[in-house]
Amino acid sequence: MRVVTGVVGNDVHVVANRLIDISLKERGFEVFNLGVNTYLEEFLDAVIETDADILLISSLNGEAEGWCRDLAILKSGYDIDERVLFVIGGNLTVGEMSAEELIPRYEAYGFDLVFHQVDLNEGLDILENRMRERLR
Amino acid sequence: MRVVTGVVGNDVHVVANRLIDISLKERGFEVFNLGVNTYLEEFLDAVIETDADILLISSLNGEAEGWCRDLAILKSGYDIDERVLFVIGGNLTVGEMSAEELIPRYEAYGFDLVFHQVDLNEGLDILENRMRERLR
Amino acid sequence: MSLFQREREIIVDNEFTDSFDFEEIEEFVSGASKNLFISHRFATSDKMQVQPRGGFPTYEKVFRLYEEFKSAGVDILPLTIDSNTRLNDYATARKMLELSEENDTDMLNGYPLINHGYRTTRKMMVHFDTPVSLRHGTPDARLLVETAIASGIFEIEGGPITYLLPYSKNFPLDKAFLYWKYVEKVCAHYSQFNEAINRESFGPLSATMQPPAIVLAIQIIEMLLSLEEGVRSFSVSFSQSGSVVQDVVSANVLKRLARKYADTFGFTDAAIHLVYHQWMGAFPRDKFFSDSLITTGTVIAAMVGADKIITKTRNEAYGIPTKEANALAVANVQYTLGILRGLPAISDEREEEHLERMVDAIMQAVLNDDADTLWRKVYNSIKKGYIEIPFSPHIINANEVITVRDPDGNIRIYDRGRLPIPDDCFEYERSKIELPEGKRVVEKIIEDIGIMQ
Amino acid sequence: MSLFQREREIIVDNEFTDSFDFEEIEEFVSGASKNLFISHRFATSDKMQVQPRGGFPTYEKVFRLYEEFKSAGVDILPLTIDSNTRLNDYATARKMLELSEENDTDMLNGYPLINHGYRTTRKMMVHFDTPVSLRHGTPDARLLVETAIASGIFEIEGGPITYLLPYSKNFPLDKAFLYWKYVEKVCAHYSQFNEAINRESFGPLSATMQPPAIVLAIQIIEMLLSLEEGVRSFSVSFSQSGSVVQDVVSANVLKRLARKYADTFGFTDAAIHLVYHQWMGAFPRDKFFSDSLITTGTVIAAMVGADKIITKTRNEAYGIPTKEANALAVANVQYTLGILRGLPAISDEREEEHLERMVDAIMQAVLNDDADTLWRKVYNSIKKGYIEIPFSPHIINANEVITVRDPDGNIRIYDRGRLPIPDDCFEYERSKIELPEGKRVVEKIIEDIGIMQ
Ligand code: B12
Ligand code: B12
């Protein structure tokens, strides 16, 4: 399985990104890590280039929504396989907002899995389960 | 002016009592300090014995209400001058209760001035003002 | 039957207690889970033990309090006794307990252990399988301690001085010594059957401007009185003074001297522990400031290397804390202990030597008294004013010693009263004090009492 | 007109700025209230200065934030700049500011200083008459700093390394050095007219497992780069490491070496201050635990003897704090500083010598570089990997050094990469590390990153 990952926008919080890289590899994924400061277009380009199964975006500095609200429009311009799973996680809002309020918004933008202030490995466990279900 | 003071009931918190003693003397009162662990009867006896103008009771350990609710009954048994001012202060309840709820209760028991969690000198300033008004 | 055993029979035969089955109790203690013994915990864990205070009238409320504490990560549970029971007024305690049960409000400020009895209480102790510490403040704690140990409470706080001079106006001192002798004996007796029953002295005293020299001397004396009766696990304690260095110095000297005196008296086999009380004086009204004060106390406890810390709550300035506020403090203290790493070993040789000399001098004065037993020597010393507790409400207390803080916050002896400390030590204490021109000592004392507010 | 002055004219002539009246600005600075200068505050007060972080898009919201801070007893006010302005994207900042003003929601994560302009901003600074510190993270801060000083903001944080390697992925390093050279010059220039403008370096770096040797070397380098351009008031800084001893050692060595290098370079007249950042890494989600962490940081700051402390808030794990949460932290920190008395002077000679040798070795390697100017030597050293920052997102960062914590929580160098530290120092570092059998280094690192959670 191939995963493209990175941190979206003008966000330089690299620590979680390093840990995600390690954890994904340990779980047997082939990882393409674009690092911090990555724009949505670059992510989509990489998904196509690498023929990835999963796009896993992080955002920590609260800017995620500004960068991701155009995902659907952008997606439509690319020829992306229906089956690519769109995942986002980290600290997805400025200030505080409950997950109940936040998750539907991101789903509306086109994400399949949304993890707001969820620990890395908890999220990746859920991701793996989802992928296993699909294979069945 | 003569003041009888002390800490009511099974209460051993002596620190405020020592400070009240000092502060009253500095303000020019003649002080009869019965100390901690003083029962209501002892207070009333002392008021009569010393012909005091003020009875100033402290209570810190939350027991005050249990000891003071019978003040009115007790008072009626003594031949106490109408003009004696009944004052109580300290920490007047177990747990937490607002002063708004608490003060009327103590007034109903027969106190003229009630200070719940009020600083000593703030309270004594008010007491002095009250005594001055009376003299006018 | 020994004289002592006969005395015990009389003590426990009380219209408020159900009959005491001593044989069964000894069996219970013999077979009791090691987890109930704080002495065992001390011996097997390096972690600082976190213990709050707390007690409610009914069994159910204490049960729920313990559940709350457990989920906050408590190490040692407390059982605080109500004030009627403390004054051996079991009749009032029973009435108030009944009212509390009927009306679901607290008519007592603690748990009336005698009325509940050991058979009931033991169920709770066995259920939680965690060491419990008995917090009372009772001069005549004979029946209370019999009931506590029978219930599975294997740590008893207090002592004839520390539970009397700060807690009573006129309870006779000699009686207190004799009643506590009984308590020590009972603790020593039960210590034969399983792990040791731990005794703990109450170092905070009146929690107000206590000079370390007095605190330490009293800690050592109560320890010796206890060890003399056969107790073999003892905790000395003191509370946050307001100066970090003074706390460190007190801890270092107390550890050293407690060991020294225990050994000199031949009790080399006694285990001695150090307990640190978070700030026991007047708290700020702001609850967040109280949190800060509590956390600061935790950091200092870690720096002095305490074996156990006793916690306060953010409600301290207001009233008896709710179980939630109490558990919150436990969780915060555990968190803080968990993140404290790389603590330096601190000492201040000059101050330590100075304090040590003062404590030794007081101890010598006490031990040189003519009386034939230690408790009589101590009794005489208190009457002579060699030992006294500032801000004690007790009529026998000398009330001559005056203390103020130096610019670093250390509590210094301004007037030594009849305290038998060396002249040069007293001069050193005085030399540290700075009273601003025109400021009276009382003003300074009032200020010093309120330093945490 | 000097070349430098011509450069300045060009920089400030920008479609987003109102025209700069340099003469008027110099007059303003000359006549400005001493209370606006942190350098003056440092010179006249012994109290640790408390400064939060914070900034909002609109003038009104910053004004209200400052009011809140003032009533919490703040010493130094912050002005945090939004990220568009940090990237010199003033057009977006203007748009977002307008949206924020219209809709009364924050569309920016800080104050767009360029768009507000110095004439407006100065009113606020003069009104509060309190030192303000500029917090940004901008590689090209030339216009920002011109505007800040013209507004009455007389402390500028940052530096060519500390605001770049942790904050940027690919901004060119040489440009950063030159832009910061400009900033230093401007600060030095204005320092002639009144009290000195203070510069402060950002010691926390990526706030994640930073070894003190690297932090200290970078602090000294940025200080020297600044003093070289004429700045005479400089603050070195670092953040809570997770080990109390390590913090104490870092502080003692940093104070000593910063002075030594400043003097060696001939800047004996420079005032050097020490700033301590409360824990900058991952915070716990529990807000009371965060309070405990903050208070613990305050205690340590007092123990290391910092001149200023920069505070965090109980909201850290969640998002940009509300003004109330931010002010609460200030009040708590002030309270804690107020109750801390009798702090011991701590040191650890062995660790201090060890750290000093590592920092000196790095400094020697940098200074021995062939280049003719200090900034080029530093630039080369970073490219060669003599200096690198663990967990920097920057492409030029060597990313070879690996650090883990020893059992006391000290951050130790596990892999030294190309760090030019003596072999025996490296061996000492390694000797302190204990990796439990079978535990991989990454697992340990992950654990170590999360120690405060
Ligand atoms: C360290 C840190 C920094 C360092 C970053 C160094 C670096 N280059 O990495 C420095 C000091 C440079 C920094 C700078 C800034 N920071 Co910062 N920073 C932090 C801090 C304290 C810790 C982050 C961290 O490393 N955590 C450890 C890692 C392992 O955990 P994590 O990042 O939280 O990620 C976890 C989960 O989110 C999850 N996760 C992440 N991605 C994904 C993806 C999936 C799919 C899943 C399942 C899970 C997942 O996994 C991780 C482990 O559980 C946080 C606050 C906090 N969390 O305590 C603020 C924080 C993230 N920073 C913040 C801000 C605003 C900034 C700044 C803009 C400065 C400012 N205004 O204060 C700048 C500029 C950064 C920029 N342009 O992006 C804000 C974000 C605000 C918001 N979301 O509302 C925070 C929350 C602080 C705050 N409360 O204000 N920061
Ligand atoms: C020191 C202290 C002790 C010492 C007392 C030593 C001594 N002999 O004096 C020791 C450790 C022995 C002790 C024991 C107990 N204490 Co105590 N103690 C305190 C503490 C921490 C400080 C009290 C103090 O000295 N303050 C300094 C003085 C100067 O201020 P003050 O007493 O608060 O009085 C001020 C005002 O109230 C006012 N004031 C007082 N009287 C008057 C009168 C007038 C007219 C006016 C205007 C003002 C006024 O002036 C003072 C200055 O501003 C308080 C909590 C706190 N306040 O922080 C608890 C506290 C008073 N104790 C409490 C309790 C319950 C006890 C115990 C029963 C033990 C227990 N269950 O925990 C025992 C037994 C006491 C007994 N039988 O009475 C409770 C009372 C609960 C309640 N009201 O709901 C408190 C509030 C703690 C708590 N939150 O649980 N305590």
Side-chain angles (χ1 to χ4, degrees), chain B residues 5-27 31 33-39 42-43 58-67 69-70 89-102 105 115-124, chain C residues 56-57 82-87 89 92 96 99 105-110 137 163-171 206-209 280-283 285 287 314-323 325 389-395 397 399 402 440-443 445-450 453:
Chain B
T5 191
V7 185
V8 71
N10 286 324
D11 193 338
V12 300
H13 292 90
V14 78
V15 183
N17 175 257
R18 298 265 161 90
L19 304 186
I20 285 172
D21 194 310
I22 295 166
S23 195
L24 283 173
K25 282 179 185 148
E26 280 183 355
R27 287 162 187 264
V31 182
N33 186 357
L34 310 185
V36 303
N37 262 357
T38 303
Y39 299 95
E42 301 177 88
F43 278 124
S58 282
S59 171
L60 284 313
N61 74 352
E63 292 182 359
E65 209 166 347
W67 295 102
R69 58 198 331 155
D70 298 335
N91 198 344
L92 301 179
T93 179
V94 183
E96 288 182 49
M97 193 188 285
S98 73
E100 291 79 62
E101 194 177 335
L102 198 137
R105 292 201 194 198
F115 300 105
H116 178 52
Q117 297 179 348
V118 169
D119 273 336
L120 186 54
N121 282 311
E122 211 179 306
L124 295 188
Chain C
F56 289 110
D82 73 287
S83 24
N84 300 288
T85 303
R86 290 167 185 227
L87 298 170
D89 181 358
T92 308
M96 296 297 175
L99 285 172
T105 49
D106 300 341
M107 302 295 284
L108 292 167
N109 56 9
Y163 260 20
L164 194 78
L165 295 190
Y167 279 96
S168 163
K169 184 174 174 177
N170 50 18
F171 192 96
S206 79
T208 309
M209 301 296 291
M280 287 289 290
F283 256 65
R285 296 247 168 89
K287 294 193 178 179
R314 63 199 329 249
N315 290 18
E316 178 64 16
Y318 294 95
I320 308 269
T322 59
K323 66 179 192 307
I389 293 182
F391 294 97
S392 158
H394 202 280
I395 45 170
N397 191 66
N399 272 349
I402 292 174
R440 288 166 320 135
V441 184
V442 284
E443 284 176 57
I445 296 175
I446 293 175
E447 212 179 276
D448 287 347
I449 291 173
Q453 293 176 313

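None of the values given here were measured: they were computed from a predicted structure. Note on naming: letters A, B, ... go to the chains in the order of the sequence lines (proteins, then strands), and numbering restarts at 1 for each one.
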As an exercise, state the distance from CG of B/Leu19 to CD1 of C/Ile449, rounded to the nearest 0.5 Å. 5.0 Å
What part of C/Ser168 gets closer than 4.5 Å to chain B, counting heavy atoms only: side chain, backbone, both or neither? backbone
Which bit of C/Ala317 is near chain B, if near means a heavy-atom gap under 4.5 Å: side chain, backbone, both or neither? backbone
Less than 4.5 Å to any heavy atom of chain B: does that hold for the side chain of C/Pro390, its backbone, both, or neither? neither
Please find the pair of heavy atoms, one from C/Pro393 and one from B/Val14, that lie closest to each other, and give the distance. CB-CB, 4.0 Å
For the CZ atom of C/Phe391 and the NE2 atom of B/His13, what is their distance to the nearest 0.5 Å? 13.5 Å
Rounded to the nearest 0.5 Å, what's the gap from CG on B/Asn10 to OG1 on C/Thr92? Could you check? 9.5 Å
4.5 Å side-chain heavy-atom contact, C/Lys169 and B/Thr38: yes
Specify which of C/Pro166, C/Ser392, C/Gly281 makes the most heavy-atom pairs with chain B at under 4.5 Å. C/Ser392
Heavy-atom closest pair (C/Arg285 atom, B/Gln117 atom, distance to 0.1 Å) is NH1-O, 3.1 Å
Which atoms of B/Glu65 are under 4.5 Å from chain C, going by heavy atoms: the side chain, the backbone, both sets, or neither? neither
Contact part of C/Arg86 toward chain B, heavy-atom cut-off under 4.5 Å: side chain, backbone, both or neither? neither
CD1 of B/Ile22 to CZ of C/Arg440: how many Å apart, nearest 0.5 Å? 8.5 Å
B/Arg18 side, atom CZ; C/Asn399 side, atom CG - distance, nearest 0.5 Å: 4.5 Å
Region of C/Leu87 in contact with chain B, defined by heavy-atom distances below 4.5 Å: side chain
